[in-house]
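Only this structure's heavy atoms are used, side chains among them; waters, hydrogens and symmetry mates stay out. These numbers come from a predicted model, not from an experiment.
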Amino acid sequence: VGTALAAGNHLDEAIDVLLEARSFHATNPTIIHRLSSALLSRGRFEDAERVCRDAMALGASSAAILLNLASASTRLGKLK
């Protein structure tokens, strides 16, 4: 559902759905990737970075999560 909302440019709704999904599946890499992607698309770089870092601290990791973390950190000026 979150992905379909994001694809239809309903990013705020997608973020809400994905935040709820994450509350039940905090380490699911697909949910984390889609949530952080939606946050990045919305310009919420600090939130996207935090979502990725929190998930990684809980043991979730994937190339997509790392890429979103790098994207968020770059936008925040933490990486060059």
Side-chain angles (χ1 to χ4, degrees):
V1 172
T3 303
L5 289 168
N9 288 324
H10 299 280
L11 290 174
D12 292 327
E13 293 172 60
I15 290 168
D16 290 342
V17 168
L18 291 163
L19 282 169
E20 185 173 348
R22 186 187 65 160
S23 71
F24 295 103
H25 306 284
T27 60
N28 182 302
T30 301
I31 292 170
I32 300 306
H33 171 251
R34 291 179 179 165
L35 174 58
S36 59
S37 293
L39 290 166
L40 285 169
S41 294
R42 198 71 176 122
R44 294 174 54 183
F45 307 122
E46 290 176 354
D47 291 334
E49 182 186 43
R50 186 178 61 254
V51 163
C52 292
R53 288 193 187 281
D54 289 350
M56 290 175 63
L58 294 172
S61 185
S62 72
I65 292 172
L66 291 172
L67 180 61
N68 281 356
L69 174 59
S71 295
S73 296
T74 299
R75 293 292 191 120
L76 293 169
K78 296 179 180 180
L79 296 176
K80 303 208 186 239

Query - Over all atoms of both residues, closest heavy-atom pair of Ala26 and Ile32 - result: O-CD1, 3.5 Å
**Report entry** Hphob cluster co-occupancy, Leu39 + Ile65, side-chain heavy atoms under 4.5 angstrom
**Finding:** yes
Report task. First locate atom OG of Ser73, then atom CZ of Arg53, and finally report the distance between them rounded to the nearest 0.5 Å. Result -> 5.0 Å
Query - Common cluster, Leu69/Leu19, ILVMFWY with side-chain heavy-atom separation under 4.5 Å - result: yes
Query raised in the report: In Å and rounded to the nearest 0.5 Å, what is the CG to NE2 distance from Leu40 to His33?
Result: 9.0 Å
Report summary line: In short, Val51 meets Arg22 closest at the heavy-atom pair CG2-NH1, 3.4 Å
Requested in this report: Quick one: pull up CZ in Arg34 and CG in Leu18 and give me the separation to the nearest 0.5 Å.
Outcome: 8.0 Å
**Report entry** Nearest-0.5 Å distance, OG of residue Ser37 to CD1 of residue Ile15
**Finding:** 10.5 Å
Report task. Indicate, with yes or no, if Leu67 and Leu79 share a hydrophobic cluster defined by side-chain heavy-atom contacts under 4.5 Å among Ile, Leu, Val, Met, Phe, Trp and Tyr. Result -> no
Report task. Starting at CD of Glu49, measure out to OG1 of Thr74 and round the result to the nearest 0.5 Å. Result -> 9.5 Å
Report summary line: Output for pair (Asp54 CG, Ser36 OG), nearest 0.5 Å, gives 11.5 Å
